[in-house]
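First up is the structure itself, then whatever we jot down about it.
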Amino acid sequence: DSGVTQTPKHLITATGQRVTLRCSPRSGDLSVYWYQQSLDQGLQFLIQYYNGEERAKGNILERFSAQQFPDLHSELNLSSLELGDSALYFCASSVDPAQGVNTEAFFGQGTRLTVV
Amino acid sequence: DAKTTQPPSMDCAEGRAANLPCNHSTISGNEYVYWYRQIHSQGPQYIIHGLKNNETNEMASLIITEDRKSSTLILPHATLRDTAVYYCIVSRNDMRFGAGTRLTVKP
């Protein structure tokens, strides 16, 4: 158990709909990362937050957005869903105690999103 | 962040050492080298990281060349459960994964 909790584990929804994925980081971790992994593909970095602020942005579509709340949990919002958005979505967290100093990240078990 | 180059696949015999190379020729002075692995569709698992010295933990050893342009992850006695995709990342801040190396440990 990595200590990172993602909910829900599975989600099935229709095209055009909107969903919210939730991530609770490990206790004490300030930084949260989101990734998308389509079937048999690599991990695509979406976005990173540190202590509530966006720190880095990757290949995140405009239909997707994320935020990190004061209690440090994070949500990834996916809207106007398309069939191609079906994927595993992973969240990771790390301590990141000082700007520019990184530590190892711990991953949740992912949310499997199926768009039908 | 610097990019990395890894072989797409490798095989290793069970019980033998698995040596996974990674090239990161554009690494900058404050970037760490991290290794993760992903078994099937599970969440990636942290293995080890280092800046410039060699590192060892209960899972693996990390050898970083003196010029820091490449590194090798060593699994000293590979088991079937070590079959996974191994990712090398160099990072100061965000973590962007490449395609990794698919290691297959064979009986």
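Just so you know, these numbers come straight off a predicted model, no measurement behind them. Side chains included, hydrogens not; waters and symmetry mates left out as well; all remaining heavy atoms used. We name chains A, B, ... by the order of the sequence lines, and we start the count at 1 in each one.
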Would you confirm whether B:Tyr36, through its side chain, and A:Ala105, through its main-chain N or O, come within 3.5 Å as a donor-acceptor pair?
yes
Report the distance from atom CD1 of B:Ile48 to atom CD of A:Glu104, rounding to the nearest 0.5 Å.
10.5 Å
Same cluster or not: are A:Leu21 and A:Leu113 linked, directly or through other Ile, Leu, Val, Met, Phe, Trp or Tyr residues, by side-chain heavy atoms under 4.5 angstrom apart?
yes
Engaged part of A:Gln44 at the chain B interface, taking heavy atoms whose separation is under 4.5 Å:
neither
Among Ile, Leu, Val, Met, Phe, Trp and Tyr joined by side-chain contacts under 4.5 Å, find the other residues sharing a cluster with A:Val116 and list them by chain and number.
A:Ile12
Check whether any side-chain heavy atom of B:Phe97 lies under 4.5 Å from a side-chain heavy atom of A:Phe45, and answer yes or no.
no
So if you build clusters from Ile, Leu, Val, Met, Phe, Trp, Tyr with side-chain heavy-atom gaps below 4.5 Å, do A:Tyr89 and A:Leu61 land together?
yes
Supply the atom-to-atom distance B:Tyr34 OH to A:Ser94 OG, rounded to the nearest 0.5 angstrom.
7.5 Å
Check B:Arg96, B:Met95, B:Gln38 against A:Leu43 for a side chain to side chain contact (heavy atoms under 4.5 Å, CB included) and give me the one that passes.
B:Gln38
Report yes or no: do B:Met59 and B:Met10 belong to one cluster of Ile/Leu/Val/Met/Phe/Trp/Tyr joined by side chain heavy-atom distances under 4.5 Å?
yes
Relative to chain B, which segment of A:Leu88 carries a heavy atom at a distance below 4.5 Å: side chain, backbone, both, or neither?
side chain
Do A:Tyr49 and A:Leu30 belong together in a cluster built from hydrophobic side chains that touch within less than 4.5 Å?
no
Using residues 76-85 of chain B as the side-chain source, report each donor-acceptor pair under 3.5 Å to any protein atom, sequence neighbours left out, with the distance given to one decimal.
{"from": "B:Thr79", "atom 1": "OG1", "to": "B:Arg81", "atom 2": "N", "distance (Å)": "3.3"}
{"from": "B:Thr79", "atom 1": "OG1", "to": "B:Asp82", "atom 2": "OD2", "distance (Å)": "3.4"}
{"from": "B:Asp82", "atom 1": "OD1", "to": "B:Arg37", "atom 2": "NH1", "distance (Å)": "2.8"}
{"from": "B:Asp82", "atom 1": "OD2", "to": "B:Thr79", "atom 2": "N", "distance (Å)": "2.9"}
{"from": "B:Thr83", "atom 1": "OG1", "to": "B:Leu80", "atom 2": "O", "distance (Å)": "3.2"}
{"from": "B:Thr83", "atom 1": "OG1", "to": "B:Val105", "atom 2": "N", "distance (Å)": "3.0"}

Please find the pair of heavy atoms, one from A:Phe90 and one from B:Gln42, that lie closest to each other, and give the distance.
CZ-O, 3.6 Å
